[in-house]
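Lettering follows sequence order; numbering is per chain, from 1.
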Protein chains: 2
Amino acid sequence: MPQFLKDNKKYYTPVEYVFAKIGGTYKMPLLWRLKDKTWRYSELKESIAHLSDRMLSKNLKELLNDGFINKEVIPEVPVRTEYSITEKGMNSIPIISMLRDYGFELMKDDGIKH
Amino acid sequence: MPQFLKDNKKYYTPVEYVFAKIGGTYKMPLLWRLKDKTWRYSELKESIAHLSDRMLSKNLKELLNDGFINKEVIPEVPVRTEYSITEKGMNSIPIISMLRDYGFELMKDDGIKH
DNA sequence: TTAGTAACTAACATAAATGTAAGTATGCCG
DNA sequence: CGGCATACTTACATTTATGTTAGTTACTAA
């Protein structure tokens, strides 16, 4: 097992590292939306059910710090903020896409319609 | 967004469904080990760092109930239990493999050696 | 000067996942 | 009968993730 340190946190597998970066309830849904176009903060918020300001801004900040997305503040009145995906962020899209396809497969096995 | 129910739990995306089945700290490491050969309970326990009996038997039970693995109890003295992967379990291996590769890629970007 | 809007931030509360420690079942062997 | 070994299970504690509510900032328009 790999086992390595980053920012004082111990990781045991590369998969664990992936989830440290794009895991949790909202990061993949956010990246998935951003793959095609730029979104404003308020649009993302309306778009994802049950997503609070706290989680949205926390997740956007982390994705930004980790280089998966860009942020542009447009000084209009009131202010507008636009989020877009980076090249690094785009590299996560095939992974999310595969997880989606596999999810649909598991759902089908379990008799879940969508 | 899909949004569906299974066993009284609400899901919003197929990806979420994947993690309900093979997410958490230990399920992918377990499936990854079982892909090549049969393992006994005690071997799995020794093999994964910091894995407690509680988490090991809980995760094995869930993987078993969800059809990802098989269990065979061999009535020797003392008892021996062998876990193996099912065909359904094998279908998760390409996903885990892709996540591993992507993890190595992210680690490389961040200057982590393994 | 007050009010309104977008995009946050902080404090506190709850829920979910995992950890720890001890105990149980089965069966044989001495 | 007592003890040992494997494979668990149970009760409880702690940690981590997420939810809720109420601010805050910056700017302009009324």
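Between A:L60 and A:V77, the residue anchored closer to the 5' end of DNA chain C is A:V77, taking for each the nucleotide with the nearest heavy atom.
In this structure, the CZ atom of A:R54 is 12 Å from the P atom of C:dT9, given to the nearest Å. Across the protein-nucleic acid pair, B:L64 atom CG and D:dC8 atom C1' stand 14 Å apart, rounded to whole Å. Between the NE2 atom of A:H50 and the C1' atom of D:dG19 there is a distance of 12 Å, given to the nearest Å. Going from atom CD1 of A:I74 over to atom C1' of D:dC27 covers 16 Å, rounded to whole Å.
In this structure, A:S42 does not reach the C:dA6 phosphate: none of its side-chain N or O atoms is under 4.0 Å from OP1 or OP2. Of the side-chain N and O atoms in A:T25, one or more sit less than 4.0 angstrom from OP1 or OP2 of D:dT18. OP1 or OP2 of D:dC8 has at least one side-chain nitrogen or oxygen of B:K71 nearer than 4.0 Å. Within the structure, every side-chain polar atom (N or O) of A:T81 is placed at least 4.0 Å from both OP1 and OP2 of C:dA6. Close to C:dA7, at under 4.0 Å from its OP1 or OP2, lies a side-chain N or O of A:R40. For A:Y26, a side-chain nitrogen or oxygen approaches OP1 or OP2 of D:dG19 to under 4.0 Å. The phosphate of D:dT18 has neither OP1 nor OP2 within less than 4.0 Å of any side-chain N or O from A:S52. Between D:dC8 and B:Y83, a contact under 4.0 Å exists linking OP1 or OP2 to a side-chain N or O. OP1 or OP2 of D:dT9 has at least one side-chain nitrogen or oxygen of B:K61 nearer than 4.0 Å.
Look at B:E82 and B:R80 and you find a salt bridge, because one of the NZ, NE, NH1 or NH2 atoms lies within 4.0 Å of a carboxylate O, short of that distance.
Two rings, from A:F4 and A:Y17, have their centers less than 6.0 Å apart. Taking the six-membered ring for Trp and the full ring otherwise, the centers of A:F19 and B:F19 sit less than 6.0 Å from each other.
Cation-pi geometry between B:K71 and B:Y83 is not satisfied (NZ or CZ under 6.0 Å from the ring centre, within 45° of the ring normal).
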